[in-house]
2 protein chains.
Amino acid sequence: MGRPSMAAERTEQIMRATGRCLQKHGLAGTTLERVSEESGLSRSHIRHYVGNRDELLRKFTTWLYTGYEAEFIRKIAAAADREKLPIVMDYLFSSGFLPISDDDAVIRELITAGIADDGIRATMQVHYTSAVQAVEDAVAAEHPAASPGARRTTAYGLWCLAMGNSMMAEFQLPAASGGLVRAAAEALLERLSHD
Amino acid sequence: MGRPSMAAERTEQIMRATGRCLQKHGLAGTTLERVSEESGLSRSHIRHYVGNRDELLRKFTTWLYTGYEAEFIRKIAAAADREKLPIVMDYLFSSGFLPISDDDAVIRELITAGIADDGIRATMQVHYTSAVQAVEDAVAAEHPAASPGARRTTAYGLWCLAMGNSMMAEFQLPAASGGLVRAAAEALLERLSHD
DNA sequence: TAATTGATTGTCATTGCGGAAAAGAAAATG
DNA sequence: CATTTTCTTTTCCGCAATGACAATCAATTA
């Protein structure tokens with residue numbers, strides 16, 4: 001009955017456009033108007049499919065954190081024990097000199113959005129808690145003999161290294177583009193083997 | 001001749017108010033109007049002393065990065081060799097369970113502002129480059145025997161740990177409030193002594 | 001006291017954006 | 001063909017913030 005729904009495709013379109021806007025123009029610059037431009041739809045479309053601006057940001061957040069960002073956690077859970085840590089390291093410190101994920105800027109903006117919106121903040125809290133947990137699982141898989149405390153410290157350290165580096169990368173700091181973080185990360189891990 | 005200038009005090013007032021706005025309402029919420037509220041001055045005052053919104057943000061950035069934020073770098077430079085590293089560690093990982101500096105949110109917003117404004121981005125680039133350098137100096141002072149590469153890795157690692165942790169602290173992530181980062185940081189340093 | 005410099009206040013037009021609703025078009029079903 | 005459902009387009013309104021300008025007011029000096 002009725003005309004077939006475009007909601008799925010349209011929503012996807014809108015979410016992608018929203019991500020690009022956040023990345024290029026920041027939270028402030030992510031207006032319904034601009035999202036509509038970026039997506040090639042009309043502003044009314046956005047309102048029709050997603051709702052008002054607050055809802056757009058909320059939906060975008062859950063979309064992001066159940067999609068690409070959660071991929072990482074799923075991968076770790078699915079991987080064999082001896083694969084877990086290499087996956088983590090690649091994800092966190094990617095390959096060599098490549099710029100880090102494009103999502104960094106987007107995530108920064110969402111943190112800001114979370115100042116005003118409890119829903120967004122909650123979504124992120126939950127996600128990052130389990131992300132750090134996933135890293136810890138990977139560390140545990142590789143170093144079953146290490147103490148829980150040391151594993152936890154190492155896992156959280158790895159995570160912070162990656163976050164901090166991605167922040168510095170936005171300044172195009174010379175240090176951020178080299179392999180420095182990865183070296184630091186490996187130093188952390190190495191210490192886990194020694195003790 | 002003429003009426004004495006209030007520029008110094010007023011500018012200070014305005015800068016502080018701008019900082020509070022950025023912290024509480026984000027970049028988008030930092031309007032001339034709100035800054036004027038927050039400072040107790042009229043909007044015309046802001047325009048009179050600082051200029052338009054873009055200039056406000058530019059001036060705030062340089063104000064921040066030549067004031068409190070640069071304090072750290074000056075301190076390191078002035079300190080005796082054996083004092084340098086303890087100062088760095090305290091600055092980066094503060095004391096125990098306290099929330100990290102209030103400036104974190106502000107700085108995040110400035111990064112966003114830097115997307116659109118070259119001046120702001122340049123200011124931050126310069127500052128962070130020398131901040132990391134200061135950390136490296138401190139590490140070098142404590143570990144003169146270590147290789148330059150290892151020192152650089154450690155210094156940058158320390159910095160990223162601190163940045164990453166402050167980011168996580170904004171989610172009120174349980175891991176961020178404990179002493180985990182500091183432990184990771186000390187692990188990094190420890191490894192420097194061993195080799 | 002007059003002149004000057006800067007502080008302070010007030011006003012007005014413009015713009016960009018968000019919110020809401022109505023009206024029209026298209027595609028499915030009975 | 002009539003009906004229903006959803007898509008699509010259009011229009012209108014209001015708000016909040018900016019930018020620019022003009023007009024007082026206050027303190028200092030010659």
Side-chain angles (χ1 to χ4, degrees), chain A residues 1-61 109-110 112-113 115-117 119-120, chain B residues 1-61 109-110 112-113 115-117 119-120:
Chain A
M1 53 333 216
R3 192 173 170 173
S5 174
M6 305 287 287
E9 299 93 305
R10 292 294 193 226
T11 306
E12 187 71 15
Q13 253 184 301
I14 294 172
M15 292 304 152
R16 287 183 189 284
T18 304
R20 285 194 298 273
C21 279
L22 284 170
Q23 193 182 332
K24 286 193 276 188
H25 310 287
L27 182 64
T30 301
T31 65
L32 293 187
E33 210 112 13
R34 226 194 282 264
V35 171
S36 78
E37 268 178 45
E38 189 78 32
S39 64
L41 302 171
S42 77
R43 193 163 66 87
S44 302
H45 275 120
I46 317 291
R47 277 189 61 74
H48 180 69
Y49 287 105
V50 180
N52 63 24
R53 186 170 181 270
D54 290 346
E55 288 174 291
L56 169 66
L57 291 173
R58 262 194 292 273
K59 287 184 180 166
F60 175 78
T61 306
E109 300 306 315
L110 287 185
T112 299
I115 294 177
D117 189 306
I120 292 178
Chain B
M1 31 139 96
R3 193 172 171 174
S5 172
M6 305 288 287
E9 298 95 305
R10 292 296 190 226
T11 305
E12 187 71 15
Q13 254 183 301
I14 293 171
M15 292 305 152
R16 288 184 187 283
T18 304
R20 285 194 299 274
C21 280
L22 284 171
Q23 193 183 332
K24 286 193 277 189
H25 307 112
L27 183 64
T30 301
T31 65
L32 293 186
E33 210 110 14
R34 225 193 283 265
V35 171
S36 78
E37 269 178 44
E38 190 77 34
S39 63
L41 302 171
S42 76
R43 193 166 64 87
S44 300
H45 274 120
I46 317 290
R47 280 188 60 75
H48 180 70
Y49 287 106
V50 180
N52 64 24
R53 187 170 179 272
D54 289 346
E55 288 173 290
L56 169 66
L57 291 173
R58 262 194 291 274
K59 287 187 180 165
F60 174 78
T61 306
E109 300 306 316
L110 286 185
T112 299
I115 294 176
D117 190 306
I120 291 178

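These numbers come from the heavy atoms of this one structure, side chains and all, not from hydrogens, waters or symmetry mates. Keep in mind it's a predicted model, so treat the numbers as computed, not measured. Letters A, B, ... are given to chains in the order of the sequence lines, protein chains preceding strands, and every chain is numbered from 1.
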Report the residues that fulfil side-chain hydrogen bond (donor to acceptor under 3.5 Å, both in side chains) with [X], sequence neighbours left out, ordered by chain and then residue number.
X: Thr18(A); value: none
X: Thr112(A); value: Glu109(B)
X: Arg10(A); value: Gln13(A)

message: Test: salt bridge (charged side-chain N to carboxylate O under 4.0 Å, His left out). Region: residues 47-58 of chain A. Which pairs qualify, not counting sequence neighbours?
response: Arg58(A)-Asp117(A)
Integer-rounded Å distance: [N] [atom2] and [X] [atom1]:
X: Ile46(B); N: dT8(C); atom1: CD1; atom2: P; answer: 12 Å
X: Leu56(B); N: dA17(D); atom1: CG; atom2: C1'; answer: 14 Å
X: His48(B); N: dT9(C); atom1: NE2; atom2: C1'; answer: 12 Å
X: Leu41(A); N: dC7(D); atom1: CG; atom2: C1'; answer: 11 Å

- request: Drop me the distance from Ile115(A)'s CD1 to Ile120(A)'s CD1, to the nearest 0.5 angstrom.
  value: 11.0 Å
message: As an exercise, state the distance from OG1 of Thr30(A) to CG of Leu57(A), rounded to the nearest 0.5 Å.
response: 7.0 Å
query: Stepwise, does the side chain to side chain contact (heavy atoms under 4.5 Å, CB included) test hold for Phe60(B) with Leu110(B)?
result: CA-CA 9 Å; Phe60(B) 174 78; Leu110(B) 286 185; 4.1 Å; yes
Is there any protein nitrogen or oxygen under 3.5 Å from a nitrogen or oxygen in nucleotides 1-3 of chain C, and what are the pairs?
none

Non-neighbouring partners of Arg20(A) that pass salt bridge (Lys or Arg N to Asp or Glu O under 4.0 Å), sequence neighbours left out: Glu38(A)
- line: For Glu12(A), the salt bridge (Lys or Arg N to Asp or Glu O under 4.0 Å) test, sequence neighbours excluded, returns Arg16(A)
message: Each nucleotide in nucleotides 15-21 of chain C should get exactly one letter: B, S or -. Can you fill that in based on protein heavy atoms under 4.0 Å?
response: --SBBB-
query: Hey, can you pull the residues of residues 6-24 of chain A with a non-hydrogen atom under 4.0 angstrom from DNA chain D?
result: Met6(A), Ala7(A), Arg10(A)
message: Please confirm whether the shortest side-chain N or O distance from Tyr49(A) to OP1 or OP2 of dT6(D) is below 4.0 Å.
response: no
field: side-chain N/O His45(A) vs dT9(D) OP1/OP2, d < 4.0 Å
entry: yes
task: Any ring-ring contact (aromatic ring centres under 6.0 Å, His included) involving residues 22-53 of chain B? Give me the pairs, sequence neighbours left out, ordered by first then second residue.
output: none
field: Ser42(A) side chain, from C-beta outward: closest of dT9(D), dA27(D), dT8(D)
entry: dT9(D)
- request: Determine whether Leu56(B) and Leu32(B) make a side-chain contact, defined as any pair of heavy atoms from C-beta on separated by less than 4.5 Å.
  value: yes
